[in-house]
2 protein chains.
Amino acid sequence: MGITERKERQRAELREHIVQVARDMVMKEGFGALSMRKLADAVEYAPATLYLHFENRDAIARELCVRGFQELLAMLEPAADVKDPVQRLSRLAEAYVAFGLEHPETYRLVFMEDPKLSAALFQDKHEGAGPKSFALLVRAFEDLKAAGRALDATPSEQLAEVFWAGLHGIISLKLTCAGFQGAPAQALAETLVATLVHGPKSSRRSR
Amino acid sequence: MGITERKERQRAELREHIVQVARDMVMKEGFGALSMRKLADAVEYAPATLYLHFENRDAIARELCVRGFQELLAMLEPAADVKDPVQRLSRLAEAYVAFGLEHPETYRLVFMEDPKLSAALFQDKHEGAGPKSFALLVRAFEDLKAAGRALDATPSEQLAEVFWAGLHGIISLKLTCAGFQGAPAQALAETLVATLVHGPKSSRRSR
DNA sequence: CCAATAAATGAACGGCGTTCACCGAACGGT
DNA sequence: ACCGTTCGGTGAACGCCGTTCATTTATTGG
């Protein structure tokens, strides 16, 4: 009949529109400023209408989390293709930091708000976006080890976790404890890379 | 006259009581669950009465931030007295992580909520508790350099910032993205220390 | 043109932070 | 001993919030 298809499409479009407007609000004023009533106002529907498309506010937040993380992943991917593992780590760090600084409110939402909101990203060891991007890092450290430039006694997974934690710490301290760090985030990230990369070859090279 | 003194003391005691009850609520249910009305209920006063002692909810949060940070500092201090800089860093990391895991809601409040709440801790380069404890780390890295066990080309301040960021990243990822990290926080912290400590002497030693 | 189905809504509930006019008790001066 | 003042304390209200549900409005298939 085609008419139910059209309805379904319109329904999906409205849902998408709601998400987009919500995304704008979060990026502009932060997740805390996202209210169902203001969102309803912005899309020109009654508040109750939102509940026809989302279970509740958290469901919208979860959707935004997924998209935010995908954006981050998209920024990491080019860096992950660099062949030299040392440079790859540098580029990954640079991209991660750039994302955090350019999209602070998105970063906050994904990594610093309620675990409930981002939980979906970090389970399913072999499906979710979280583990998938984490694997990029593990691979980088394995390649680094193959080149004899990493702590050999430590599992690559653990090095990757420390690396991610280091980057996350740099960004999130900047976002929450502004002015605590003196050095710019990119410089700290470079230092982080330098400490994780060891070995004989000229290891100090900034970009 | 002594009567105004008594009044002042009672006033201070009530204020203190309010802070303590608020602290309990935050530690038990998180900062998000701290509401002026529930707090008023818990101390058995009307909500409006709280405003005779605090400008607003944020003022209470700021007070809790200061105290939370002092608790953290108290846990760091013994570790800061260790003579050997390598062991000192280990102990500092261990203490920091322990605090974060034992007081997750306090940690969240101080380091992961609105910058407004913790701002007071991180300004006043030579007075605030933040810079003061940061100085502990800088000193540790200076001692480390003196022993020839740190990246000499990098300023101690920057190494300290990376160190703190690394610890913060480990804790805060655990708190927000539970299950993302496979390894326990203490193990990651050890690895972090190992990567920041270089040099000839037996550098791999876990505690 | 009507019955059925789906979309959208207004109004309400309970909770929130915050303000302010008001009350009662304790106080200092006489 | 009385009285005006001062001050800790409060009830009620304002404007927000998320969420629910009975009801209305629009759209569809017969």
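The sequence lines fix the lettering, A, B, ..., with proteins before strands; numbering per chain opens at 1.
- Applying the salt bridge (Lys or Arg N to Asp or Glu O under 4.0 Å) criterion to B:R88, with sequence neighbours excluded, gives B:D143.
- A salt bridge does not link B:R62 to B:E113: none of the charged nitrogens lies less than 4.0 Å from a carboxylate oxygen.
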Dot-bracket encoding of pairs in DNA chain D, which uses [ ] for pseudoknotted crossings and | for another strand, Watson-Crick or G-U under 3.5 angstrom: ||||||||||||||||||||||||||||||
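- The distance from atom CZ of B:R15 to atom P of D:dG9 is 14 Å, rounded to the nearest whole Å.
- Residues satisfying the side-chain hydrogen bond (donor to acceptor under 3.5 Å, both in side chains) test with B:Q181, not counting sequence neighbours, are B:K174.
- For the atom pair CG of B:L64 and CD of B:Q20, the computed distance is 9.0 Å after rounding to the nearest 0.5 Å.
- For residues 13-34 of chain B, there are no ring pair (Phe, Tyr, Trp, His ring centres under 6.0 Å) pairs, not counting sequence neighbours.
- Only at 4.0 angstrom or more do the heavy atoms of residues 111-118 of chain B sit from any atom of DNA chain C, so none qualifies.
- Atom-to-atom, CG of A:L39 to P of D:dC16 comes out at 17 Å; the value is rounded to the nearest Å.
- Checked against salt bridge (Lys or Arg N to Asp or Glu O under 4.0 Å), A:R15 has the following partners two or more places apart in sequence or in another chain: A:E63.
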Distance-only criterion, 3.5 Å: show the donor-acceptor pairs between side-chain atoms of residues 40-54 of chain A and protein atoms not counting sequence neighbours.
from	atom 1	to	atom 2	distance (Å)
A:T49	OG1	A:A46	O	3.3

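- Contact detail for B:A61 and B:L117: the closest heavy-atom pair is CB-CD2, 3.8 Å.
- Partners of A:E13 by salt bridge (Lys or Arg N to Asp or Glu O under 4.0 Å), not counting sequence neighbours, listed by chain and number: A:R9.
- Residues in residues 152-192 of chain B take part in these ring pair (Phe, Tyr, Trp, His ring centres under 6.0 Å) pairs, two or more places apart or across chains: A:F122-B:F180, A:F134-B:F180, A:W164-B:F180, A:F180-B:W164, B:Y96-B:W164, B:Y107-B:H168, B:F111-B:H168, B:F141-B:F163.
- For the pair B:L50 CG and D:dG11 C1', the interatomic distance rounds to 15 Å; values are reported in whole Å.
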Pairs under 3.5 angstrom, nitrogen or oxygen only, protein versus nucleotides 5-8 of chain D, please.
none

Could you list the donor-acceptor pairs under 3.5 angstrom formed by side chains in residues 69-78 of chain A, with sequence neighbours left out?
from	atom 1	to	atom 2	distance (Å)
A:E71	OE2	A:R23	NH1	2.4

Where protein sits on nucleotides 16-24 of chain C, one letter per nucleotide: B base, S sugar-phosphate only, - none, heavy atoms under 4.0 Å: BBBBB----
